[in-house]
Amino acid sequence: PLGPGSGLLGIPGDWTSPSRFVRIAAMKHFASRADDAERAVLLAERLLGSVTLPRGLELTGPEGSQRSDYTRWSVIKDLSNRVYYFRGHDSHALRAVRLRELDFGPEGKRRSIRVGTGGGIVDVTKDLGG
């Protein structure tokens, strides 16, 4: 036996967009349903992580080129609660924007925020009394 994780044996495994789409669709179909919004967001984050392209995995351009195609950011939308979650390539920390708390009217101020800022690693050594 191949061991755990062989339940999707035969599903496309390359990094092309169609294969990644099939992979995430199959995983979403078989994943346990989340029973609240927070668990649904965490499930979506895990599913997206399974198809995220890291830097350097897929090189584009002429041979020997250092140009790389990669997932620059990921977005999860909670439509029921109107929360927009995002994270950049250089951070696994999800950031949330609660859309109900912002003014989208004609007089509302335009705002922007950087996608990939910090939060990648949290050192908890001191929490262990070390």
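Basis for what follows: all heavy atoms, side chains included, without hydrogens, waters or symmetry-related copies.
Closest heavy-atom contact between R98 and V83: NH1-CG2, 3.5 Å.
Residues V75 and Y85 are not in side-chain contact: their nearest non-hydrogen atoms beyond the backbone lie 4.5 Å or more apart. Contact check for L99 versus F104: side-chain heavy atoms found under the 4.5 Å cut-off. Side-chain contact between Y70 and R72: present, with at least one pair of heavy atoms (C-beta onward) separated by less than 4.5 Å.
Within a 6.0 Å sphere centred on CZ of R100, other residues, nucleotides and ligands contribute more than 12 heavy atoms.
With rounding to the nearest 0.5 Å, the separation of OG in S19 from CD1 in I24 is 13.0 Å. To the nearest 0.5 Å, atom CZ of residue R23 and atom OG of residue S50 are 6.0 Å apart.
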Item to check | Pair F86-I76, side chain to side chain contact (heavy atoms under 4.5 Å, CB included): steps then yes or no | outcome: CA-CA 6 Å; F86 66 95; I76 300 168; over 6 Å; no
Sequence neighbours excluded and cut-off under 3.5 Å, please list the side-chain donor-acceptor pairs for residues 37-48, or say none.
residue, atom, partner, partner atom, Å
R39, NH1, D35, OD1, 3.2
R39, NH1, D36, OD2, 3.0
E45, OE2, R87, NH1, 2.5

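Legend: salt bridge (Lys or Arg N to Asp or Glu O under 4.0 Å) pairs involving residues 76-85, not counting sequence neighbours: none detected.
Applying the side chain to side chain donor-acceptor pair (under 3.5 Å) test to D103 and every residue at least two apart in sequence or in another chain returns nothing.
Without hydrogens or angle criteria, T52 side chain to T71 main chain gives no donor-acceptor distance under 3.5 Å.
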